[in-house]
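Worksheet for the structure shown next.
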Amino acid sequence: MRKSYCILTGSYNSRDNILPFITKIGNSLKSWKIFTEYEITICIVDDGCPQNSWEIINSDRAKKLATELGCNFIGIKLRKNFGQHQALI
């Protein structure tokens, strides 16, 4: 059984950085060649962002991009901003 790792980040005021973030993480992990040993999940939390980050996080494009890079993808939407610490707990 492979080990699992989750890369978790908030998205407050980062709408335009979500897809580039997924791409950079996926490409970095590919270069490290760890997908044979580890199952990787990218988890992005919409922590009440006024920019409507959820539209990008919940898009088929984000999910497809992560899948093409060999990662699982999870988006979480909080109903309001509780602060970075609470978003990542």
Side-chain angles (χ1 to χ4, degrees):
M1 187 164 112
R2 294 187 308 168
K3 295 179 184 177
S4 296
Y5 284 99
C6 180
I7 298 166
L8 175 67
T9 189
S11 66
Y12 194 82
N13 286 337
S14 299
R15 176 187 170 94
D16 295 336
N17 297 321
I18 294 169
L19 297 177
F21 174 79
I22 294 169
T23 301
K24 287 182 181 184
I25 292 295
N27 286 334
S28 294
L29 294 172
K30 274 186 173 181
S31 71
W32 297 339
K33 299 178 182 170
I34 64 170
F35 287 109
T36 56
E37 297 177 45
Y38 302 99
E39 183 176 347
I40 307 295
T41 300
I42 298 173
C43 180
I44 301 179
V45 179
D46 176 355
D47 49 347
C49 178
Q51 298 174 322
N52 195 17
S53 295
W54 184 246
E55 183 179 306
I56 302 295
I57 296 167
N58 197 42
S59 70
D60 290 338
R61 186 173 175 200
K63 294 169 190 164
K64 182 179 178 190
L65 180 59
T67 301
E68 288 173 353
L69 292 167
C71 300
N72 299 316
F73 184 79
I74 297 173
I76 298 172
K77 181 176 176 69
L78 301 180
R79 60 184 150 85
K80 69 175 195 168
N81 184 297
F82 294 96
Q84 179 183 8
H85 180 74
Q86 292 299 322
L88 300 180
I89 289 182

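We use all heavy atoms of the structure for the numbers below, so side chains are in, but hydrogens, waters and symmetry mates are not.
- In terms of modelled atom types and a separation under 3.5 Å, the side chain of Q51 and the main chain of S14 share a donor-acceptor contact.
- Residues Y12 and I57 are members of separate hydrophobic clusters, defined by side-chain heavy-atom contacts under 4.5 angstrom among Ile, Leu, Val, Met, Phe, Trp and Tyr.
- The main-chain N or O of S11 is found under 3.5 Å from a side-chain atom of S53 such that the two form a donor-acceptor pair.
- Not counting sequence neighbours, the partners of F21 by the side chain to side chain contact (heavy atoms under 4.5 Å, CB included) test are I7, T9, I25, I42, I44.
- Of all heavy-atom pairs spanning C43 and I76, the tightest one is SG-CD1, 3.6 Å.
- Considering only residues two or more places apart in sequence or on other chains, K77 meets the side chain to side chain contact (heavy atoms under 4.5 Å, CB included) condition with D46, W54.
- Every residue two or more places apart in sequence or in another chain that forms a side chain to side chain donor-acceptor pair (under 3.5 Å) with N52 is listed here: E55.
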Which pairs of donor and acceptor atoms, one on a side chain in residues 64-74, lie under 3.5 Å apart (sequence neighbours left out)?
unit_1 : atom_1 : unit_2 : atom_2 : d
T67    : OG1    : K63    : O      : 2.9
N72    : ND2    : E39    : OE2    : 2.8
N72    : ND2    : T41    : OG1    : 3.4

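- Between atom CD1 of residue I18 and atom OG of residue S59 there is a gap of 8.5 Å, rounded to the nearest 0.5 Å.
- Between the SG atom of C49 and the CD1 atom of I56 there is a distance of 10.5 Å, given to the nearest 0.5 Å.
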